[in-house]
Structures are given as C-alpha cells and as structure tokens.
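Numbered from 1 within each chain, the chains take letters A, B, ... in sequence-line order.
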Protein chains: 2
Amino acid sequence: MMSKIIETVATQPLVSLSEADRHETALQIMNVAEQLFAESGFNGVPLRLLTKEAGVNLAAVNYHFGSKEGLFEAIFVQRLAPLIEGCLKELEVLETEQQKLTLDSLLQTVIRPCLALAKDPKSGGAIFVRLLSRTLLENHRQVREMIAGQYGEFVQRYLRAFHQALPQLNAEQLAWRMHFAFSVMFNAFAGNDVLKVFTRSEVVSARDPDIIVKHVLPFVTAGLLAPVER
Amino acid sequence: MMSKIIETVATQPLVSLSEADRHETALQIMNVAEQLFAESGFNGVPLRLLTKEAGVNLAAVNYHFGSKEGLFEAIFVQRLAPLIEGCLKELEVLETEQQKLTLDSLLQTVIRPCLALAKDPKSGGAIFVRLLSRTLLENHRQVREMIAGQYGEFVQRYLRAFHQALPQLNAEQLAWRMHFAFSVMFNAFAGNDVLKVFTRSEVVSARDPDIIVKHVLPFVTAGLLAPVER
DNA sequence: GTCTATACCGTGATAGAC
DNA sequence: GTCTATCACGGTATAGAC
C-alpha cells in the first residue's frame, strides 16, 4: 500500500513506520505511553503499568519496539516529522516573501507549528509538546542523537536563518544565544514545576500555550537582541 | 567563628550535620556520590557502584542517610547552606549601599557566589554547581520541596528585590520572567549537551564559568528588561 | 507473525546477626 | 556501626502457543 518499492536501498536508520502500517497493538501502546511518559517522565513509568494500562502483554513492548527506549524513540519519530516539516514550510515562505528576515517572524516559524500541534485536540499533540520539551531538557542521549542525525538539514537551515536575522553576532555568540533561547522556550512549554521555588505556583503553572507564548516571546526576543559584550 | 550566637532558636527540620559531626564513612560516601551524581545523574548511579567506589558496604548508604534520595538531599543541604548565605550577604550589602537596586548588581549577588563556589578548587564546588543546576532542571520533587521549605526567606527576599529592580512588571509578569531567567542561568551552568543539536558542539561545551557568565548576563538582563506586552 | 507466560538478572531497601 | 542474606520490583529475553 504505502510505496515499498525499493525497500532495500534507503538508509532508514530508525524505525519509522507510518501510522497506517503499524499494528494495532503497537499503536495502542504508543498512545498510552505518550500520555504516561508526559505525565510521569520516562523513568516514572514501569513497563508493567504501561502494558496493563494499554491492555497488552508485558512482552509486547519489546516485541514491537525492541526495548523501552525503542518505544520512546518511536513516539518521537512519528510526532517530530510533521512538526519539523511544518517549521521548514513556514521558514520557506518567510525566506521567499521577505528580503530581510525579522527576528520575530523567524521565532514565529518555530512557535506557530508548536502551538498548532499543542492545540490540535484530536492528535494528542499537547501531550507531545510537553513530552518533547521535557525530554530535550532531561538530556536523553538517544533522542538527542536521533534528532541531530535525522534532522541535520533542519538544524543547518535554522542556523543560517538566525545568522541572517542577527548579523551582528559572531558564530560563538550566536551559538550561545540560540542555546539560551531554546532553553527558555522548551522550559516554558515543558510545564516544569522546577522553578516554582522562585515564583508563586498558581501563576506560572498555566498550561495555556497562548499565555506561555505571550510571556516567552518578549523575553527571548530581547535576549537575542541584547548588545554584545566586548 | 562565624557568629553562632543564638544557635538553639532556629528550626532545623532536616538533617544538617556539619562536616565535622559526620561519620567518616558518611563523608566518604558523600564525596564519591557528589562526583558520580554530577557525572551521570541520580538514576545513572547504582548504589552498588557507588559503595564499591567509596570502599564501603552496600547497606551503609541506607544506614547513614535512610535512602538513596536521603543521600542526595544530604549533599544538597551541606552545599546549599553556605551558597545561600553568600547570596543573602551580598544582597544585604547591596540593599544598604544603594537606594535604587540596579538589575545588574542584583543578578551579580546570585552569580558571584555561584562563581566563587564553582572556582574553589579544594571544595569540589564546581561539581556541585553543575549538580545543582542539573537537579533543578530535572525537576526532583524532593529537592524542590526541600528548598522551598528550608529557604523560604531567601525566596521572599529575592522576590522583593527583583520587584524593586523591575517595578514596571506586575506580579504575574515578574514571576514568568524570573522563571525564564533562572531557567537560562541554570541551563548554562548545568553544562547540558541538550541543545547541542542547534549549535556547534565545540562552542557551547565550554565549562569555564567566567565565559558562561559573560554570555548569560547580557541575555538575561535584556530579557528581564524587555518591554511589557499589552 | 503475533501473543502469552515465565524466567533472568540488576536495582534499592531491609532485617537480623555480629 | 557494619555486614550478609534476602526481599520486591525494574527491564529484558525466550520458549512455545496460536
């Protein structure tokens, strides 16, 4: 059905079955797992609970995904592909429309697809946005390598775009500031309770993506545009 | 030496034996543990490895600290007390010296003690600064509650100080921005490889605290001072 | 190919002997 | 205080049923 024409040629390092190809059991596992992982973190979810919740056998996870980590990656591959495609599409539009990239419009090409995903009710996207943020912050070796390997083009194109929007920064300064900017954005979306220590818990625990963006954007924009230390 | 005038009054809810009071075995465990935790994270260090490395029996951890989590907290309590004391002392000086707090000088009262600790060669402070940052970002429930409970005064005083330095922000805006600011600072100090995805690994992997601060401060300052969305 | 039951080994915790 | 033995629980591997 799904174009398995020359299945031997392509180097498809990781499992990347489309939703249609996957077995019902595997899908059931992925849906339940995404929810539980986002709630309790990777280590907070025992396979025995997960499989029980999904109504499948304990060994099913290892059979369909190789390992618990494999299941984790599978969730990412499936969700990340359309998200990144969405970002790149917005970026492309931006690059053809405007001669000069503005920083704000550039940041919007990342934030809008995240928002769209986060607000799509039927795709469990909101859960994934939190899971993605949480995972990037938790520094999972596997996922990080997967992104770097699979989406090199994405990374390169955004590096170039940011360089264009912030020409006054040299390579080192740009790297640091992108590091900071994405730290803030992911932390905000992760809905971490981390820094409640320094804040009133009722205020910052808001989960509404629009509110988050309203607060994040000015901060990040100003930080990126800060005068360069010399 | 350090003004222990009325030592009986304070409510000291958690274990907080001074270094001198503690058993040699416990000290040995703590030193080894701090190092290993900072390298591999809490879950990355099995007690069997830890105790073998420290040359003590497996059960010693549970005997002296109650649990693996207890050991984790003990490390924090011991290191955090002087760090927080250092911050508050700097803040006090600042409040008496200047009529108007400047944002930069306020941030310095946090960063300078962290830097001093990070650069003290004989106290393993550098390891702890990374461990602290990593832990706050990883959202350990225990440690967060410990800080909130034990250092309420610290939190309140800094909230007031930031409010004074940024009077144009209302409570909600201030909470969000402090949340962001500390996210960035901790992420920078944590030395996470997280966002290497978006950067050249060689650049951002710098561990020199001075270099980190040089890049962090302008970003955070500008972010905090960003115009308010309306 | 898919699913099930079950066994294996490593983890943190704990009781009790010394 | 320290140690050994043992426990319950975690992810994983596999043999065999369908």
**Q** Take the protein atom NZ of Lys68(B) and the nucleotide atom C1' of dA8(D), then report the distance between them rounded to whole Å.
**A** 17 Å
**Q** Closest-nucleotide mapping onto DNA chain C: is Arg48(A) or Asn57(A) further toward the 5' terminus? I mean the 5' end.
**A** Asn57(A)
**Q** Which class fits the ring pair Phe162(A) and Phe182(A): parallel under 30°, tilted 30 to 60°, perpendicular over 60°?
**A** perpendicular
**Q** Would you say Lys68(A)'s side chain and Val61(A)'s backbone share a donor-acceptor pair under 3.5 angstrom?
**A** no
**Q** Tell me the interatomic distance from Tyr63(A), atom OH, to dG1(C), atom P, rounded to whole angstroms.
**A** 7 Å
**Q** With the side chain of Ala59(A) defined as its heavy atoms from C-beta on, choose the nearest nucleotide among dT12(D), dA13(D), dT14(C).
**A** dA13(D)
**Q** Round to a whole Å and report the spacing from CG of Leu47(A) to P of dG10(D).
**A** 10 Å
**Q** For the side chain of His23(B), starting at C-beta, report the closest nucleotide among dT6(C), dG1(D), dT2(C).
**A** dG1(D)
**Q** Taking atom P of dT11(C) as reference, at what distance in whole Å does atom CG of Leu50(B) sit?
**A** 12 Å
**Q** Decide yes or no on side-chain contact (heavy atoms from CB on, under 4.5 Å) for Arg112(B) and Glu90(B), but give the supporting numbers first.
**A** CA-CA 9 Å; Arg112(B) 262 200 302 266; Glu90(B) 291 227 18; 2.8 Å; yes
**Q** Quick one: does Thr109(A)'s side chain have a donor or acceptor within less than 3.5 Å of a partner on Leu106(A)'s backbone?
**A** yes
**Q** Tell me which nucleotide among dA13(C), dT2(D), dT12(D) gets nearest to the side chain of Leu58(A).
**A** dT12(D)
**Q** Nearest-Å distance, CG (Leu36(A)) to P (dG10(D))?
**A** 14 Å
**Q** Let's see if you can work this out: which of dT12(D), dT2(C), dT2(D) has an atom nearest to the side-chain heavy atoms of His64(B)?
**A** dT2(D)
**Q** Arg177(A) versus His215(B): any side-chain heavy-atom pair under 4.5 Å?
**A** no
**Q** Quickly work out the Phe65(A) CZ to dT12(D) P distance and round it to whole Å.
**A** 13 Å
**Q** Do the side-chain N or O atoms of Thr25(A) get closer than 4.0 angstrom to the phosphate oxygens (OP1, OP2) of dT2(C)?
**A** no
**Q** So if I take every side-chain heavy atom of Pro46(B) and compare against dC3(D), dT11(C), dT2(C), which nucleotide ends up nearest?
**A** dT11(C)
**Q** For Lys52(A) and dC9(D), what is the distance between atoms NZ and C1' respectively, to the nearest whole Å?
**A** 14 Å
**Q** Would you mind reading off the distance between Arg22(B) atom CZ and dG1(D) atom P, rounded to a whole angstrom?
**A** 12 Å
